[in-house]
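Protein chains get the first letters and strands the later ones, always in sequence-line order, with residue 1 at the start of each.
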Number of protein chains: 2
Amino acid sequence: MQISAKADYAVRVMLELAAHGPDVVKSTILIDHQDLPRKFVETILVDLRRADLVRSHRGADGGYTLARPASAISIGQIVRAIDGPLAEVRGLRPHECEYTNAAEHLAEVWVAARAALRKVLDETSLAHVLNGKLPVHVRRMAGSPEAWLPR
Amino acid sequence: MQISAKADYAVRVMLELAAHGPDVVKSTILIDHQDLPRKFVETILVDLRRADLVRSHRGADGGYTLARPASAISIGQIVRAIDGPLAEVRGLRPHECEYTNAAEHLAEVWVAARAALRKVLDETSLAHVLNGKLPVHVRRMAGSPEAWLPR
DNA sequence: GTTTTTCCCTATCGGGGTAATAGGGATTGA
DNA sequence: TCAATCCCTATTACCCCGATAGGGAAAAAC
Ligand code: FES
Ligand code: FES
């Protein structure tokens with residue numbers, strides 16, 4: 001799972017947006033509060049609008065708002081909008097992989113890995129992250145001390 | 001989760017090796033049985049040896065064997081040896097990410113996602129995949145029909 | 001209706017990784 | 001000796017990533 005800088009920035013910007021409830025917020029405020037490269041993130045915001053995750057408002061006193069309530073936008077949706085599919089093998093979706101001989105059951109492993117990812121990223125919303133109350137099964141995953149150790 | 005062609009080939013080659021039990025097998029046989037690009041996979045095999053996942057035997061009648069029993073080598077180990085860490089955010093390990101303000105709890109999400117990946121890839125061995133008997137929790141993941149649908 | 005503010009578009013850049021091939025050198029067992 | 005096999009070092013083409021530059025378009029405020 002390679003989360004690009006672009007996707008990471010996208011999530012953070014949307015979290016800042018969520019923190020402002022329904023208000024319109026200027027891009028420069030979001031960017032400054034997260035300390036991100038301005039010009040780069042401006043292009044990300046346009047991508048997010050095209051993906052219908054945020055709405056833009058032009059002109060003086062313009063800015064951005066979430067396209068839907070924070071509880072209805074998952075981290076997975078944001079990552080997918082920016083980075084593409086959550087899981088790919090050789091550029092193919094896991095379920096499209098076809099294997100023969102000794103590798104016959106390999107696709108099942110990739111599909112299981114993707115399903116595991118989905119259970120975390122698609123069931124965690126901006127609202128969950130914002131107030132720190134993650135879903136129980138996610139919290140249990142991150143709760144184990146060994147989850148924080150490298151391998 | 002981006003599994004590169006290199007890592008995919010590595011796993012498939014090692015599955016073929018596992019199918020031959022303790023025997024020494026020539027690279028060309030492994031490569032032909034999985035229909036892979038010869039010269040490319042030759043370099044992968046060298047990487048696998050350096051990672052101590054296979055042992056090589058030179059000279060006439062040479063070839064490769066697994067460094068350990070197939071039940072003691074996980075898919076995760078192979079992927080890590082070839083592609084590097086299972087999960088990275090902006091080139092950093094998930095537990096190294098530091099966030100402020102509205103993003104304060106974001107690292108927990110990345111860590112949970114990595115933990116979910118580990119539970120699948122680190123607890124599934126070559127032997128499991130070879131005989132199609134995956135661990136129960138992995139099988140349950142891949143068993144759900146919706147796990148095979150794109151999003 | 002002008003001004004100001006903000007978003008928005010296109011182009012560009014360097015660097016680095018990915019997939020793959022080429023060609024031959026080093027080792028070892030037969 | 002000899003032949004098979006692994007092994008090493010380029011080199012290639014290509015694309016993506018992170019980031020910046022510079023200005024154009026829209027829309028609200030006044
Ligand atoms: S709280 Fe307003 S942008 Fe951070
Ligand atoms: S079964 Fe021998 S390499 Fe495929």
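- No hydrogens or angles were tested; on distance alone, a donor-acceptor pair under 3.5 Å links the side chain of B/E42 to the base of D/dC7.
- For B/R55, no side-chain nitrogen or oxygen approaches OP1 or OP2 of D/dC6 to under 4.0 Å.
- Counting to the nearest Å, the P atom of C/dA30 and the NZ atom of B/K26 are 11 Å from each other.
- Nearest-nucleotide mapping onto DNA chain D: of B/R58 and A/A60, the residue sitting toward the 5' end is B/R58.
- When side chains are defined from C-beta on, B/V41 does not count as touching B/K6, because their heavy atoms never get closer than 4.5 Å.
- Proximity of A/S56 to the phosphate of C/dC8: a side-chain N or O atom is located under 4.0 Å from OP1 or OP2.
- Between A/R50 and the phosphate of C/dC7, there is no side-chain N or O to OP1/OP2 separation shorter than 4.0 Å.
- Minimum atom distance to the side chain of A/A5 is reached by D/dA19, of the listed D/dC6, C/dT21, D/dA19.
- Put simply, the side chain of B/R38 never gets that close to the backbone of B/T28: no donor and acceptor are under 3.5 Å apart.
- When heavy atoms are screened at a 4.0 angstrom cut-off, B/T28 is found touching no nucleic acid atom at all.
- Put simply, A/S27 has a side-chain N or O that comes within less than 4.0 Å of OP1 or OP2 on C/dC7.
- If you check D/dG18, D/dT20, D/dC6 against the side chain of A/K6, the one that comes closest is D/dG18.
- Using a cutoff of 4.0 Å between basic side-chain nitrogens and carboxylate oxygens, A/K26 and A/D32 are not scored as salt-bridged.
- Listed pair A/Y9 / D/dA19 meets the phosphate criterion, a side-chain N or O lying under 4.0 Å from OP1 or OP2.
- Residue A/R49 is classed as a sugar-phosphate contact, given heavy-atom separations below 4.0 Å to backbone atoms only.
- Comparing B/D61 and B/R90 along DNA chain D, the residue whose closest nucleotide (by nearest heavy atom) sits nearer the 5' end is B/D61.
- Which of D/dA19, C/dA20, C/dC9 sits closest to the side chain of A/V46 comes down to C/dC9.
- For B/K39 against C/dG23, a side-chain-to-base donor-acceptor contact under 3.5 Å is present.
- By the 4.0 Å N-to-carboxylate-O rule, B/R12 lies too far from B/D35 to be salt-bridged with it.
- Side chains of A/L86 and A/M1 form no contact here, defined as non-hydrogen atoms less than 4.5 Å apart.
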